[in-house]
Each structure stands twice: as C-alpha cells, then as structure tokens.
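Each remark here refers to the structure printed beneath this line.
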Amino acid sequence: MANTQAMTTSFLGELLTATHNFGTAPTRGTSATDTFKAALYLASATYNANTAAYSVTGEVSGTGYTAGGVTVTAANPPTATNSSATAGVAFFTPSASITYTTVTLTTAFDAVLIYNSTQSNKAVSVHTFGSQTITAGTFTLTMPGNTISTALLRLATT
C-alpha cells in the first residue's frame, strides 16, 4: 500500500456541480467560503485519486494531533487566466503554510489530504512528501506560490 499524489476524481466532478467554494463569489445560493481541512496519513495508508472523502482510516494519531487535521487558510482567491498565452488555466494555493504545532507522531506518515469539511468532508486532493516522524515539535507544510506554474491545485484545458 502507498499514498499517491493526485487531485481526486470525485473533486473534478464536483467542480461541475459547484460543490466546493474556495472563494467568496455567490455560489450555491450563499457567499460563504467553505472550510477546507488538512489531515495527515500514515505511510502505510492508501490515499489517491480514488479517495472520495476524509476518513480516519490510516490517519495519524499522537499527542497534540486532532483527528481531522487542521483548518487550511484559504485567503487567496482562486484564479483563472484569460490571456492568449495562458487561457484555460485555473489555480489555487492556500495563503499560509499548513502547520501542526506541538505534536508527537512516531509512526511514519507521508501524505496530507485536503478536504472540504463544509461539504460532507469531500476530498479535494492528496499530496505526498518524504516519510516523516516528529517528537514534540511543529510539522509545517510550506505552500508553493499561487502562480500558474506552481500553485497547489491547477486545472488546465487540453
């Protein structure tokens, strides 16, 4: 078993039904931005493009870690390009690093699931990194730049 980095298949379909609201534009009859969370998963778990929703199965546990993870700061609005050179690309990156403070996680973990806790914990994406453990420390996932080539989530027409 292994975690695999991917935008989840269910998320792609849910974009077409306006299930997820990363910004404040009026969507689904409300202007409220959804709450997105980030949960950490063991290296022995199997999270990938087929992951449809957050689950405690395979999630890390330890001192200072709360099941479900932490809230993702999403102040950056989603961006869509419309210039002739970059038409058909949309992207989004959380506005702050994802940080788990004062945690002890002694079983190896290597993935984070971004999910929408406002919308029945629907999965957005799985991101992998090198296997980690931490003892009474802070684990930080530094977010990439919110640009067309580096954003955490990127959608493009072909």
**OP:** State which residues pass side chain to side chain donor-acceptor pair (under 3.5 Å) with Y100; sequence neighbours excluded, sorted by chain then number.
**Re:**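 For Y100, no residue satisfies side chain to side chain donor-acceptor pair (under 3.5 Å) once neighbours in sequence are set aside.
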
**OP:** Please name all residues satisfying side chain to side chain donor-acceptor pair (under 3.5 Å) with D110, sequence neighbours left out, ordered by chain then number.
**Re:**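 Here the qualifying residues are N3.
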
To the nearest 0.5 Å, what is the distance between [atom1] ([X]) and [atom2] ([Y])?
{"X": "Q5", "Y": "F129", "atom1": "CD", "atom2": "CZ", "result": "10.0 Å"}
{"X": "M143", "Y": "F92", "atom1": "CE", "atom2": "CZ", "result": "10.0 Å"}
{"X": "F36", "Y": "Q119", "atom1": "CZ", "atom2": "CD", "result": "8.0 Å"}

Subject >> Heavy-atom closest pair, residues A53 and S120 >> reply: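 Of all heavy-atom pairs spanning A53 and S120, the closest is CB-O, 4.5 Å.
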
**OP:** With sequence neighbours left out, write down each residue that passes ring-ring contact (aromatic ring centres under 6.0 Å, His included) with F91, or none if nothing qualifies.
**Re:**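 In terms of ring-ring contact (aromatic ring centres under 6.0 Å, His included), with neighbours along the sequence ignored, F91 is linked to no residue.
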
**OP:** State, yes or no, whether a side-chain contact exists between L152 and P144 at a heavy-atom distance under 4.5 Å.
**Re:**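 The answer is yes; the side chains approach within 4.5 Å.
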
Shared ILVMFWY cluster between [X] and [Y], side chains joined below 4.5 angstrom?
{"X": "V112", "Y": "V56", "value": "no"}
{"X": "I114", "Y": "L40", "value": "yes"}
{"X": "L153", "Y": "L141", "value": "yes"}
{"X": "V126", "Y": "Y41", "value": "yes"}
{"X": "V60", "Y": "V70", "value": "yes"}

Within the side chain of [X], is there an N or O that forms a donor-acceptor pair under 3.5 Å with the backbone of [Y]?
{"X": "T8", "Y": "V124", "result": "yes"}
{"X": "Y54", "Y": "L113", "result": "no"}
{"X": "T63", "Y": "T104", "result": "no"}
{"X": "N146", "Y": "T93", "result": "yes"}
{"X": "Y65", "Y": "A39", "result": "no"}

Subject >> Among I134, T133, L105, the one residue meeting side chain to side chain contact (heavy atoms under 4.5 Å, CB included) with F139 >> reply: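 That would be I134.
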
Subject >> Test log, rule side chain to side chain contact (heavy atoms under 4.5 Å, CB included), inputs V72 and I98 >> reply: CA-CA 6 Å; V72 174; I98 298 172; 4.1 Å; yes

With sequence neighbours left out, what residues match [X] under side chain to side chain contact (heavy atoms under 4.5 Å, CB included)?
{"X": "T35", "value": "K37, T71, S117, T118"}
{"X": "A52", "value": "S10"}
{"X": "T142", "value": "S97, T140"}

